Amino acid sequence: MVGIVVVSHSDALARGVVALAREMSPPELALEVAGGIGEAGVLGTSAELVGAAIERAMSADGVLVLMDLGSALMSAELAVELLEGASGPVRLSAAPLVEGTVAAAASAGGGATLEQVAAEADGALAMKSAQIGDASAGASGALTAPVASADAEAELAVENELGLHARPAARFVETVGRFDAEVLVARAGSAATPVSARSLTNIVALGARRGDRLRVRSSGPQARAALAALQELAVGGFGDGPPVPTAPPAAGTVLRGVAASRGVAGGDAQPLVPSAPLQSRRDAASPEDERALLERALDGARAAVSADRERLRARAGAGEAEIFDAHLALLDDEALLEPARAAIGSGAPAELAIADAAEQLAAVYRRLENPLLAERATDVLDVGRRIVAAVTADCGPSEPKQNDNDSQYRILVADELTPSQTAGLDRERIAGIATARGSATAHAAIIARALGIPAVVGLGESILAVPAGTRLLLDGTGGTVTIAPADRAGAEQAVADAEARSERGRAQAAAAREHAHQPALLAGGEQIEIFANAGSLADAQLAVECGAEGVGLLRTEFLFLGRAELPGEDEQAETLRQIAVALGGRPLIVRTLDAGADKPLPALALAAETNPFLGVRGIRVGLRNPELLAAQLRAVLRVAAEHPLKLMLPMVATVAEVVAVRELLEQARAQTGVTVGIELGIMVEVPAAALMAAELAPHVDFFSLGTNDLTQYTMAAERGNAQLEPLLAEPQPAVLRLVRATVAAADAHGRWVGVCGELAGDPAAAVLLTGLGVSELSMAPRLIPEVKQALRGLELGRARAAAALALEATSAEGARAHGLELLSGSLRAARR
Ligand code: PEP
Ligand code: MG
């Protein structure tokens, strides 16, 4: 197999390119890096390193060397000159580094010769050009195919969700490479010349999407075997997983998903009619006419989004309606429009051009590591569909409409709902939402909550196999859907009970809001401080409105998320000052930057890591960038001179980290001349910190448990991974034990303990945390009234007893049940 060497000034870049190419090539392919000059973080190239990499990659088939620029070329040339007695040929490639390496790796992995691999790399830009519709840069040598008479022919269905994007395309090429056969491929129904399937560029440039069919012709000694292997690959979704052959779940089956919007609902399943796959249904008019059509469609889409925004504002309030402001911004986003206009310029009809552009942009979002940002892919597709609908309404028959004549109360069943679909639901007819995919933080879920429609998402494909009209019982609080419950009368009663409960819940919530500004005093007069988590000035203002007694966690990284550069000390101090002023003298706990993993900061170039959640994040970033941390410490100190501020460090795992920050804090004091004392606390979100709390306590003034991360690290389950929802369900007894350990150590040293993870805002968990000795709970502002209400009048002795039982529980559900039981008892007592 031909080996490949990637030469770059940056070791990190070279490794990143190789990691990408690895995704698309067999493990035995020799892919070597020669990045930097051998000193960590120093940019440059070294002929010696290049030579060593070539030797490692060498085989009798030879080595292709790809380079970034400038001295990389000279180093590579020198390395080749200095090579002594190489056992195979070496060729330097002028191909673009990333595209060239990926294409070359796929081709080499398929057994191509050095010549072919080099040609494939040279043509690699065409893959990108074709995708963004840049016809001028399109065809390359790699795109032409020899005409051959076919020995075998077949049609393959593309059924994987994202179509033939780079990875499935690489598997296509790799499969063909295993056979002595010439394979040509084209989209079925397309007039384009079939292209050779030995080229990754060719396959990606087909632009095949879900629902498309590929016409494959194979010739040569192993023509049929190659076709059979490709057919098998297609059935398996080209390695992305097979299209799910789902049988309808049996009556009585309870499907588990993610609880996305509270409440219980009963009704008949109503599958959402999926949009028809977007084949080109008409020939494009002239590019001018298509462009004009697109512009009119954009106006139409703007009007439709604005109408939805106003409707949602009227039904649910301004906050949720802002989701559609983001959609309006997308309608003007060049990242969406520019590729669409370019495709129109190349002869595509407007609806296909915009649909493609939306798919591509959505794919970019999906690849983002931050799960919240990745979810925005659904918003992009939603906006894309609006535009397509507006184009088709303008120039032909529109998409089929829902059959909504009959007015029965229903549970809407869908793969995933978009924000616009959710906002358009008629609460009078739709009792609940059950979807195969989605998450509780997606915009559609936020809207469902705002509209009060119970919803369970992430139920898996089997929900889609439920026949229309099947009776469903949906529990949006527990996250389950029961298919055709055997005890139908019982199910109807469950819905009636749930409705009565939610009516009571509404009354209780109203009462809680009325008392939101009073403290949460336990039966014995002990006060649990109820604080808010905030990430902006608006949050701080909302916190005060909701009855917060302070901010227990200011996520400073959220203040800087959208910035290309981090603000300086003065600007940071000004932002903190505004937040402190909004709190009107209430305490403000400022957490230093918690960047990394799910919170990448564009302003901070963090190196790519295999396991970002276990990598350089939180305080580890600050200690590696002491200037950055010091500026933040100075800003905090300056505001602390006038307002009650405390400082908190994220992701602390060792005593040494706290000692190092204390030193920086002392230096910052000297630099600012601020003499007032400031409490320094740490987040306990790494199990090590909980277990070492006794050793940490002498160095800190308080502890705040970050149960989101603490649960993630204790259960070894990445937060935000919907598949691991059961492991992430709270409160895990193992996490409660770490809370107990932290409180015990803190008590022994006279330190206080708070909780600022999501657990603090769950009333059932809040009473357990109180029983464990936590004295401050910090949560999303809107949860404050309910949590205060749950704690008021609670007997500490009973809370301790419930907590002791929860510690011994064998599951999160079991632990929570002890909190719920205590709550229902205390609510009954309160009503008496
Ligand atoms: C936590 O991990 O619980 C926490 C509050 O921090 P964040 O959610 O910001 O990581
Ligand atoms: Mg955290």
Side-chain angles (χ1 to χ4, degrees), residues 369-373 439-441 529-536 539-540 543 548 550-561 588-601 604 606 611-622 632 646-653 657 681-690 693 702-721 724 727-732 734-736 738-739 742 753-762 765-766 768-769 772 774 776-781 783-784 787 812:
E369 269 177 24
N370 181 333
L372 288 182
L373 292 178
S439 87
T441 44
E529 293 189 290
I530 305 297
F531 280 28
N533 293 345
S536 65
D539 284 352
V551 162
L553 165 63
L554 177 67
R555 291 180 161 110
T556 53
E557 60 282 359
F558 285 175
L559 300 173
F560 313 136
L561 261 186
L588 167 61
I589 302 183
V590 181
R591 180 173 75 183
T592 58
L593 269 187
D594 184 21
D598 57 335
K599 289 176 269 191
L601 275 194
L604 262 185
L606 297 174
N611 272 317
F613 279 105
L614 301 181
V616 179
R617 59 167 301 204
I619 197 61
R620 301 169 191 179
V621 175
Q632 196 171 28
K646 300 183 207 302
L647 197 58
M648 183 156 74
L649 312 177
M651 282 287 296
V652 169
E657 287 163 346
I682 59 167
M683 302 272 300
V684 176
E685 45 188 355
V686 177
F702 64 91
F703 295 98
S704 186
L705 288 138
T707 50
N708 308 337
D709 277 317
L710 192 57
T711 304
Q712 154 168 269
Y713 294 124
T714 304
M715 306 307 293
E718 188 185 311
R719 62 196 274 188
N721 184 336
L724 302 179
L727 288 172
L728 294 163
E730 295 180 315
Q732 291 289 346
V735 173
L736 293 181
L738 293 172
V739 175
T742 307
V753 179
V755 174
C756 62
E758 299 294 312
L759 205 53
D762 171 1
L768 297 176
L769 294 169
L772 287 171
V774 165
E776 179 245 41
L777 297 170
S778 190
M779 63 204 71
L783 302 176
I784 287 175
V787 172

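Remember, it's 1-based here, ligands and their atoms both numbered in the order they're listed. Everything numeric here is computed off the predicted structure, so don't read it as measured data.
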(Q) Run Asp709 and Arg617 through salt bridge (Lys or Arg N to Asp or Glu O under 4.0 Å) and show every step you take. (A) CA-CA 12 Å; Asp709 277 317; Arg617 59 167 301 204; 3.2 Å; yes
Q. Which heavy atom in Met651 sits nearest to a heavy atom in Ile619, and how many Å separate them?
A. O-CG2, 3.8 Å
Q) For Val684, which of Leu738, Val739, Thr742 qualifies under side chain to side chain contact (heavy atoms under 4.5 Å, CB included)? A) Thr742
Q. Of all heavy-atom pairs between Ser778 and Asn533, which one has the smallest distance, and what is that distance?
A. OG-OD1, 2.6 Å
**Q.** Shortest non-hydrogen contact from Ile682 toward Met648
**A.** C-CG, 4.1 Å
Q) Can you name the nearest heavy-atom pair linking Leu768 to Pro731, along with the distance? A) CD1-CG, 4.3 Å
Q. So, Gln732 versus Thr714: side-chain donor-acceptor pair below 3.5 Å or not?
A. no
Q: Identify which protein N/O/S atoms are less than 2.8 Å from the Mg ion (ligand 2).
A: Glu685 OE1, Asp709 OD2
Q.
Looking at every non-hydrogen atom in both residues, tell me the closest pair between Ala532 and Ala548 and how far apart they are.
A. CB-CB, 3.7 Å
Q: Taking only heavy atoms of the protein into account, state which residues are under 4.0 angstrom from an atom of ligand 1, in chain and number order.
A: Leu553, Arg555, Arg591, Asp594, Lys599, Met683, Glu685, Gly706, Thr707, Asn708, Asp709, Arg719, Cys756, Gly757
Q. Can you tell me if CD on Glu758 sees more than 12 non-hydrogen neighbours from other groups inside 6.0 Å?
A. no
